[in-house]
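Take a look at the structure below.
The sequence lines fix the lettering, A, B, ..., with proteins before strands; numbering per chain opens at 1.
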There are 2 protein chains.
Amino acid sequence: MSCEKDTAQALKESGHRPTPQRLLILGALRHAGGHVTAVEILEKVRASYPYVDISTVYRTLTVLKEMRLVTETDMGGGESQFEWAGGEGHHHLVCKGCGKVALLDDQRMKALGKGIMSSYGFRADLGHFAVFGTCAECLKKEE
Amino acid sequence: MSCEKDTAQALKESGHRPTPQRLLILGALRHAGGHVTAVEILEKVRASYPYVDISTVYRTLTVLKEMRLVTETDMGGGESQFEWAGGEGHHHLVCKGCGKVALLDDQRMKALGKGIMSSYGFRADLGHFAVFGTCAECLKKEE
DNA sequence: CTAGCTGCAAAGCGTTTGCACGATG
DNA sequence: CATCGTGCAAACGCTTTGCAGCTAG
């Protein structure tokens, strides 16, 4: 796979060492295909490299966030969710009632971002967004 | 002021006792005119009633959230922000660069909420929302 | 050789919980 | 008087930090 090389290169160029731990963490993030918590990353990485520490995961995530390769989102439950920043932005409708998470199409958010930019000159970081509320099912139950 | 009586009434009706601590916490929230953290509430309350504990603040906030008198928002910094749910909804543009917070008008968000409802049947809780990004000033600096 | 990175352990932070005492209706 | 609420202290979960040893350039 060439992607491992690419990210190794990216790390080097920004003055960081491409250690095995970092590459494994990167791999875990890329193959997750969605959000993962720091602990989930740890578990995935430990499958092939058992002596990795949670602090290394956090430190690596900090580096990757600085490089804008990874995004962090707080979805309300105390733990942060991390995600590979490669794909198209996508957003979440988090139901406060049942905890289910649905996806929200990107179009609507892009339009919002454009509007904010033209009105305020503020570049909204809408690559990954969580909207809280109540889903259709729980709305029914409320009555 | 009649508002104290009103909230005392509201507490009673939902089966909770209007204790002095609760009324003080309510007052602190109402007079804050914006977001406050649990600790800020504690400090305000202690000014007139020194032996209040942070756990009481949290417990009261839980009750008030259930009664929908108060909203909670996570603005990224680890601490939650609480706010009196009386006024019009308002939203925040939080700059990741300088940490400044600007206001975003409600109209745009209301439109978003309507769209989400009609497409997904999901009632978005957009009463108080935080959008992260980069402000105009920091965008300039980036170059 | 001299950075930088790691694992381990311990601390930090906001928040929650167990418990006995006190206040409320 | 039975219940609910409180203060205190301790625990909690996620994240960060200090430190000594190791590793890569």
Between [X] and [N], is there a contact of a side-chain N or O with OP1 or OP2 at under 4.0 Å?
X: B:Thr56; N: D:dG7; answer: yes
X: B:Arg59; N: C:dT16; answer: no
X: B:Gln21; N: C:dA23; answer: no

Distance in angstrom units between [X] [atom1] and [N] [atom2], rounded:
X: B:Arg22; N: C:dA23; atom1: CZ; atom2: P; result: 16 Å
X: B:Leu11; N: D:dC4; atom1: CG; atom2: P; result: 15 Å
X: B:Glu79; N: C:dT16; atom1: CD; atom2: C1'; result: 16 Å
X: B:Leu61; N: D:dT6; atom1: CG; atom2: P; result: 12 Å
X: A:Leu42; N: C:dC8; atom1: CG; atom2: C1'; result: 13 Å
X: A:Phe82; N: D:dC14; atom1: CZ; atom2: P; result: 12 Å
X: B:Glu43; N: C:dG14; atom1: CD; atom2: C1'; result: 14 Å
X: B:Lys65; N: C:dT16; atom1: NZ; atom2: C1'; result: 12 Å

- Task: Compare all side-chain heavy atoms of A:Leu11 with those of A:Leu26 and state whether any distance is below 4.5 angstrom.
- Result: yes
- Query: If you measure from CG on A:Leu29 to CG on A:Leu69, what distance do you get to the nearest 0.5 Å?
  - Reply: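 That separation rounds to 9.5 Å.
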- Message: Near DNA chain C, counting only heavy atoms under 4.0 Å, which residues of residues 13-20 of chain A show up?
- Response: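 Within this stretch, A:His16, A:Arg17, A:Thr19 sit under 4.0 Å of the strand.
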- Please name the pair of heavy atoms, one in A:Leu103 and one in B:Tyr120, separated by the smallest distance, quoted to 0.1 Å.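 Smallest interatomic distance, heavy atoms only, reads O-CE2, 3.5 Å.
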- Of B:Ser80 and B:Lys12, the one whose closest DNA chain C nucleotide lies more 5':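 Here B:Ser80 is the residue nearer the 5' end.
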- Query: For A:Thr56 and A:Asp53, what are the C-alpha separation, side-chain angles and deciding distance, and is it a side-chain contact (heavy atoms from CB on, under 4.5 Å)?
  - Reply: CA-CA 5 Å; A:Thr56 301; A:Asp53 194 74; 4.2 Å; yes
- Any donor-acceptor pair under 3.5 Å linking the side chain of B:His31 with the backbone of B:Gly27?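 Side chain of B:His31 to backbone of B:Gly27: a pair is present.
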- Task: Name every residue in residues 46-55 of chain B that has at least one heavy atom under 4.0 Å from any atom of DNA chain D, in order of residue number, or write none if there are no such residues.
- Result: B:Tyr51, B:Val52, B:Asp53, B:Ser55
- Message: One pair to check against side chain to side chain donor-acceptor pair (under 3.5 Å): B:Ser119 and A:Arg108. What are the steps and the verdict?
- Response: CA-CA 11 Å; B:Ser119 303; A:Arg108 223 181 288 276; 2.8 Å; yes
- Item | Worked verdict on A:Phe122 versus B:Thr134 for side-chain contact (heavy atoms from CB on, under 4.5 Å) | CA-CA 6 Å; A:Phe122 183 98; B:Thr134 313; over 6 Å; no
- Task: Kindly determine whether A:Leu139 and B:Met117 satisfy side-chain contact (heavy atoms from CB on, under 4.5 Å), including the steps that lead there.
- Result: CA-CA 11 Å; A:Leu139 275 179; B:Met117 174 55 95; 4.0 Å; yes
- Query: Do B:Ser80 and B:Glu72 have side-chain N/O donor and acceptor atoms under 3.5 Å apart?
  - Reply: yes
